[in-house]
There are 2 protein chains.
Amino acid sequence: MSRHQKRVTLEEVARVAGVSRATVSRVVNGVTSVDENIRQTVERAISTTGYLPNLAARALVTRRADAIALVLPSENRIVGDPFFTRIVRGVSTVLRPLGVHLVLMMTGADTGEQVIADLRQGRLDGVILVHTYQADPLPGLLVRNRQPVVLSARPAEPIPITYVDVNQTAGGALAAEHLVARGCRRVATITGSLDRPPGQDRLAGFRDAMAESGQPGVVSVEGDFTRESGAAAMERLITEHPDVDGVFIASDLMAEGALPVLRRHGRAVPDDIAVVGFDDSSAALSCDPPLTTVRQPVEDMAAEMARQLLRQVEQVDTPVRSVIFEPSLVVRQSA
Amino acid sequence: MSRHQKRVTLEEVARVAGVSRATVSRVVNGVTSVDENIRQTVERAISTTGYLPNLAARALVTRRADAIALVLPSENRIVGDPFFTRIVRGVSTVLRPLGVHLVLMMTGADTGEQVIADLRQGRLDGVILVHTYQADPLPGLLVRNRQPVVLSARPAEPIPITYVDVNQTAGGALAAEHLVARGCRRVATITGSLDRPPGQDRLAGFRDAMAESGQPGVVSVEGDFTRESGAAAMERLITEHPDVDGVFIASDLMAEGALPVLRRHGRAVPDDIAVVGFDDSSAALSCDPPLTTVRQPVEDMAAEMARQLLRQVEQVDTPVRSVIFEPSLVVRQSA
DNA sequence: TTGTACGCGTTATCAT
DNA sequence: ATGATAACGCGTACAA
């Protein structure tokens, strides 16, 4: 069992079973056209020899690496903690049973070329791109090369690429409806970056749902999804509109920055001001009080990304597709 | 450049360059005994053809997968956010330039067998085990099989295995010295799980340094590294010893749970009570006020783990070794 | 220094 | 249903 043990090959199993390599290979790969008696003999030989197929040899002929890459931004203030864990967990649930490796890559200077090279060198079957930045040329490049690829969100530029996303608009609406149902009358929002789809959509969904509830024209202050921007935005909001009694903050991280500001201004949460976040990140739990927030079904979304990718790997030129998941509201103590 | 482009092999490059496959192979692998003129010709041929070596074929003959696994616990309340990112970043800095893939595995029911199988099937060259749980049989199993493996911390059981760790004792001492230097007179500590090395060592280092500073016999309450245990421990501490003016909490996560308790008891941080954490996790920054904490050089440690692993991969039976890094104190506002 | 030829362990084609 | 045998693309003794 040591690293230097004699390797067990198809050849040896064949000798032990008294058949040819081809037959053993058929048994290993579950080909049905094998006599039942012979199959059993072979299987016995396999277990007595402790045979395991050499995957490099297999990959050489099948042209499958049985490995896919998960590419994510190295500055992960965006992709927060449980978020990341949940993505890996979701992807793994579909990859693991199939014996497909998950290769992790943080974006760096040469990530793009690296990925394409790995793809061409047969070390990678496809790529899942998480949170690519605005002007990332990689998605387009992969699409042009007809390589299997899936995005974790709707791309800023409309290119023909498969992606999985949450219904951001519905998420904003959930927040609005909760604040209204709670009895908030002067509601505002701290938005994410408005030059990015999530920022835009969450705001739009929130606005529309508020209007629908008879409170059109909500006040909004723009943040950029960072903790600091959340604090700054809340400072501005509380100063310019001291009478707000409910606020939707488009990310938990911003909410985490905003809560201490409220505390310093002597506002109690949720009694004076109700707060709803977005993401259900670890930040939501570390807030005081714990954050009511909009949760994305990240595990499910990640699993779907994996499935979509494998579909492309198995069959070239699979039609582009997008799958949208519905968010839910996690009610804790901030609203 | 599409997925179905004609593959470029050594053979073709050889034809274009007018030499043999072997010579091209030598150029690709940087063998020095190649005539300079021929080398240039070959290199031209390589770039005009766009040749890239097929790594499955190479792996088949070299018996190297050029891939290592990073195994980490799926419940990552322990391995917090930036922690994880920093590990990956550190490991990648040494792996990436060498073209070695980082395969991510969250521990699950069959992770152990999976890893050994992958090792034996030639898909993996070695394993980095992060935060294995107490009774994990995997480390011992890998050692017995003489497989390349590195641990992220000193193992609970003393088995002959290579590991990288931070000087936990020194970390506890750093916290003690800072609290003393700050003028705290009645100092206490909330420990981590005392059945695990980090919990024990941080406490021991703290105790000894306090004694050294003329304050022996510090009060200690045991937690288990979770946020909730931090809150509970602080509740007990503040009730039983209302006069404490400084506390070392053995993890930021516990500190995060403890701070709101102090606030509810009307204690101001750091004026009434100074607080020092441990880890410099994301929790440290989300605390209000931001946490003064002990920081481990995680990137450096991770890079070292990768180096130690590769050393074992390159040369079988490398002597076991342990590398200890020194922590540092990050002073913020809680102490 | 260069080329020939063999082996790495599978899968897949084609007779039988 | 089974067994030769030919790829798959590369590294590397060995010979020249």
Side-chain angles (χ1 to χ4, degrees), chain A residues 3-43 45-46 49-66 99 117-123 125, chain B residues 3-43 45-46 49-66 99 117-123 125:
Chain A
R3 181 137 68 115
H4 288 284
Q5 76 187 293
K6 193 168 35 52
R7 319 260 166 192
V8 183
T9 70
L10 273 186
E11 183 68 45
E12 302 202 16
V13 178
R15 251 186 23 228
V16 172
V19 297
S20 74
R21 283 205 309 267
T23 300
V24 179
S25 175
R26 290 188 188 103
V27 172
V28 169
N29 293 305
V31 174
T32 54
S33 68
V34 177
D35 180 87
E36 188 52 29
N37 292 327
I38 298 203
R39 143 162 285 121
Q40 302 210 356
T41 309
V42 170
E43 264 160 2
I46 288 179
T49 54
Y51 168 79
L52 281 181
N54 179 315
L55 295 179
R58 176 179 286 174
L60 178 57
V61 43
T62 62
R63 301 185 165 297
R64 281 281 185 79
D66 280 326
D118 283 335
L119 249 9
R120 292 190 51 200
Q121 302 195 279
R123 305 181 79 189
D125 294 329
Chain B
R3 182 140 65 116
H4 288 284
Q5 78 185 295
K6 194 167 32 53
R7 319 259 165 194
V8 183
T9 70
L10 273 185
E11 181 69 44
E12 300 203 17
V13 178
R15 253 188 19 230
V16 172
V19 298
S20 75
R21 282 205 306 269
T23 299
V24 180
S25 175
R26 292 189 186 101
V27 171
V28 169
N29 293 307
V31 174
T32 52
S33 68
V34 177
D35 180 87
E36 189 51 30
N37 292 328
I38 298 203
R39 142 162 285 121
Q40 301 211 355
T41 310
V42 170
E43 264 160 1
I46 287 179
T49 55
Y51 169 79
L52 282 181
N54 178 316
L55 295 179
R58 176 179 288 175
L60 179 57
V61 44
T62 60
R63 299 186 167 295
R64 282 284 185 76
D66 280 325
D118 282 334
L119 250 9
R120 293 191 49 199
Q121 302 195 281
R123 305 180 80 189
D125 295 329

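Each chain gets a letter, A, B and so on, in the order the sequences are listed, and its residues count up from 1.
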Rounded to the nearest 0.5 Å, how far does [atom2] of [Y] lie from [atom1] of [X]?
{"X": "A/Leu119", "Y": "B/Leu52", "atom1": "CG", "atom2": "CG", "result": "11.5 Å"}
{"X": "B/Glu12", "Y": "B/Ile46", "atom1": "CD", "atom2": "CD1", "result": "13.0 Å"}
{"X": "B/Glu36", "Y": "B/Thr41", "atom1": "CD", "atom2": "OG1", "result": "9.5 Å"}
{"X": "B/Leu55", "Y": "A/Leu60", "atom1": "CG", "atom2": "CG", "result": "11.0 Å"}
{"X": "B/Glu11", "Y": "B/Ser20", "atom1": "CD", "atom2": "OG", "result": "9.5 Å"}

_I'd like to know whether A/Ile38 forms a side-chain contact (heavy atoms from CB on, under 4.5 Å) with A/Arg26, so could you lay out the CA-CA distance, the side-chain angles of the two residues, the decisive distance to 0.1 Å, and finally the verdict._
CA-CA 11 Å; A/Ile38 298 203; A/Arg26 290 188 188 103; over 6 Å; no
*asked:* Could you check whether any side-chain heavy atom of B/Val19 comes within less than 4.5 Å of a side-chain heavy atom of B/Val24, counting everything from C-beta outward?
replied: yes
Taking C-beta and beyond as the side chain, do B/Arg123 and A/Asp66 meet within less than 4.5 Å on heavy atoms? yes
- [ ] Report which part of the nucleic acid A/Ile38 touches: base, sugar-phosphate, or nothing (heavy-atom distance under 4.0 Å, all strands).
- [x] sugar-phosphate
Sugar-phosphate, base or nothing in reach of B/Val28, heavy atoms under 4.0 Å
nothing
Considering only nitrogen or oxygen atoms on both sides, find all protein atoms under 3.5 Å from nucleotides 6-9 of chain C and state each distance.
unit_1: C/dC8; atom_1: O3'; unit_2: B/Arg63; atom_2: NH2; d: 3.1
unit_1: C/dG9; atom_1: OP1; unit_2: B/Arg63; atom_2: NH2; d: 2.5

With five pairs defining each end axis, the helix from C/dT1-D/dA16 to C/dT16-D/dA1 comes out bent, to 10°, by 40°
TODO: Using a cut-off of strictly less than 4.0 Å, decide whether B/Thr23 has a side-chain nitrogen or oxygen near OP1 or OP2 of C/dT2.
DONE: no
* Asked: Taking only N and O in the side chain of A/Thr62, is any of them less than 4.0 Å away from OP1 or OP2 of C/dT11?
  -> no
Closest heavy-atom pair, A/Tyr51 versus A/Val13, reported as atoms and distance to 0.1 Å, is CB-CG2, 3.5 Å
Expressed as a whole number of angstroms, how long is the span from [X]:[atom1] to [N]:[atom2]?
{"X": "A/Arg26", "N": "D/dA4", "atom1": "CZ", "atom2": "C1'", "value": "11 Å"}
{"X": "B/Glu11", "N": "C/dT4", "atom1": "CD", "atom2": "P", "value": "10 Å"}
{"X": "B/Asp66", "N": "D/dC10", "atom1": "CG", "atom2": "C1'", "value": "14 Å"}

Next on the checklist: What I want to check is whether an N or O donor and acceptor connect the side chain of B/Arg64 with the base of D/dG11 at under 3.5 Å.
Outcome noted: no
Which of D/dG11, D/dA1, C/dG3 is nearest the side chain of B/Asn29? It is D/dG11
